[in-house]
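In what follows, a single structure is set out as structure tokens and then discussed.
Everything quoted here is computed from the prediction, not taken from an experiment. Numbered from 1 within each chain, the chains take letters A, B, ... in sequence-line order. Both backbone and side-chain heavy atoms feed into the values below; hydrogens, waters and symmetry mates do not.
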Number of protein chains: 2
Amino acid sequence: MTAKTLPLPQQVCFALYSANNAMMRLYRPLLQPFDLTYPQYVVLLALWQQDNISLGQLGAATLFDSGTLTPLVKKLEQKGWLQRVSDASDERVKKVLLTAAGRALETEVATVMPALRCQVALPESQLLALREQAQQLLQQLQQLEACR
Amino acid sequence: MTAKTLPLPQQVCFALYSANNAMMRLYRPLLQPFDLTYPQYVVLLALWQQDNISLGQLGAATLFDSGTLTPLVKKLEQKGWLQRVSDASDERVKKVLLTAAGRALETEVATVMPALRCQVALPESQLLALREQAQQLLQQLQQLEACR
DNA sequence: GCAATTAATCTTGCACGCAATATAATTGTG
DNA sequence: CACAATTATATTGCGTGCAAGATTAATTGC
């Protein structure tokens, strides 16, 4: 009757948590040359897919809430990668618009993915399996959050 | 030639990252009654498995570096769950020792896991698959970090 | 034996994530 | 059309994570 809690190495959440932390550590030096952090990179990835969207839409794409997104976007504006412009038709919404430099950055940053990939000595199939499992968990949790 | 970067929904790292964030949001309200955060909970989980270990050993179990672990352990000491004691045989090392309250807490906190589990409507097999994939990624990344 | 190195922990500073709350614009309602 | 409810964004405060550097104690080389 000594085992009231599960050892860390057996916990799903701890595996997820520590794998994610390790991944962030791997990203850091690769993004540093561009003066980008991973969350900032995520915002740009979203904008490279769809530009000129509202902060709300950007939050939906990146899964950041406003408390995280607002300062992130302000920082990226300071760095000159994007602009925040008020929408004339609805003064509440702020739209985010990549600058020419921000659009050009996509080509530069395109080297990050392959550099990252070649350091991870795992078969593509395993990474896709991980993505699939993580996405299904995420989807389940989002569904939960949606019901309050 | 427009696709220089991969859309976020297809990225393994983003799936890992956002699933982990969602998991932390799920944990928060469950740990709040015990005035614990997830990282603090992780430290306690490690100590419940093996008590009276050095900060270095605790860091190895939790995968926290000293910059994260030191303030975490100090906070847990303030809350009365553990004590930090200097090792007489080597004055550099600080050993971490659960208090009686800290040991008793394990039983209380044991309700967190099942409460969490019953909110995640995914089959056990899928969670184990996710754990397996995450652990293998983690292991790969740790191996990388070990080679500097 | 003691200087130089190594080891264990601590401190500082920065950038998240997010809950809670505030502010301001818009919409719905009587 | 006033005004309460809703919506979009911003602010505040707290707790991480971690790189970089500092501090102190032990160990190693010569």
On DNA chain D, does the nearest nucleotide to A/Ala22 precede the nearest nucleotide to A/Arg84 from the 5' side, or the other way round? Give the residue.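 Its nucleotide being nearer the 5' end, the pick is A/Arg84.
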
Report the residue (B/Gln40 or A/Gln32) whose heavy-atom-nearest nucleotide on DNA chain D is the more 5′ of the two.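 Here B/Gln40 is the residue nearer the 5' end.
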
Nearest whole Å is fine: how far is [N] [atom2] from [X] [atom1]?
| X | N | atom1 | atom2 | answer |
| --- | --- | --- | --- | --- |
| B/Leu26 | C/dA19 | CG | P | 11 Å |
| B/Leu69 | C/dT11 | CG | P | 13 Å |
| B/Asp87 | C/dA7 | CG | C1' | 14 Å |
| B/Leu31 | D/dG15 | CG | C1' | 13 Å |
| A/Asn20 | D/dC18 | CG | P | 9 Å |
| A/Asn21 | D/dG15 | CG | C1' | 14 Å |
| B/Leu58 | C/dC10 | CG | P | 11 Å |
| B/Leu76 | D/dG15 | CG | C1' | 12 Å |

For a quick check of understanding: with a heavy-atom distance under 4.0 Å over all strands, which category does [X] fall into, base, sugar-phosphate or nothing?
| X | answer |
| --- | --- |
| A/Asp65 | base |
| A/Lys95 | nothing |
| A/Gly56 | sugar-phosphate |
| B/Leu72 | sugar-phosphate |

Below the 4.0 Å mark, does [N] have OP1 or OP2 next to a side-chain nitrogen or oxygen of [X]?
| X | N | result |
| --- | --- | --- |
| A/Lys94 | D/dA10 | yes |
| B/Arg28 | C/dA20 | no |
| B/Lys74 | C/dT9 | no |
| B/Thr37 | D/dG15 | no |
| A/Thr70 | D/dA10 | yes |
| A/Gln57 | D/dA8 | no |
| B/Arg25 | C/dC18 | yes |

Examine distances only and state if a side-chain atom of A/Ser86 and a backbone atom of A/Lys94 form a donor-acceptor pair shorter than 3.5 Å. no

Of A/Phe64 and A/Glu91, whose nearest nucleotide on DNA chain C comes first from the 5' end?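 Here A/Phe64 is the residue nearer the 5' end.
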
Are B/Leu45 and B/Met24 in one and the same hydrophobic cluster, where Ile, Leu, Val, Met, Phe, Trp and Tyr link if side-chain heavy atoms are under 4.5 Å apart? yes

Does a donor on one side chain and an acceptor on the other come within less than 3.5 Å for A/Gln83 and A/Glu77?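 There is no such pair (donor and acceptor under 3.5 Å, judged by atom type) between the side chains of A/Gln83 and A/Glu77.
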
With distance as the sole criterion, is a donor-acceptor pair present between the side chains of B/Asn21 and B/Ser18 under 3.5 Å?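 No pair is found: no donor N or O on one side chain lies under 3.5 Å from an acceptor on the other.
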
Go through the N and O atoms of the side chain of B/Ser66 and the base of C/dC10, and report whether any donor-acceptor pair is under 3.5 Å. yes

N/O donor-acceptor pair, side chain B/Arg92 with base D/dT24, under 3.5 angstrom: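 Between D/dT24 and B/Arg92, which were checked side chain against base, a qualifying N/O pair under 3.5 Å is absent.
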
Below 4.0 angstrom, N of the basic side chain to O of the carboxylate: do A/Asp35 and A/Lys79 qualify?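 Salt bridge: yes.
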
Which of parallel (below 30°), tilted (30 to 60°) and perpendicular (above 60°) describes A/Tyr27 and A/Tyr41? tilted

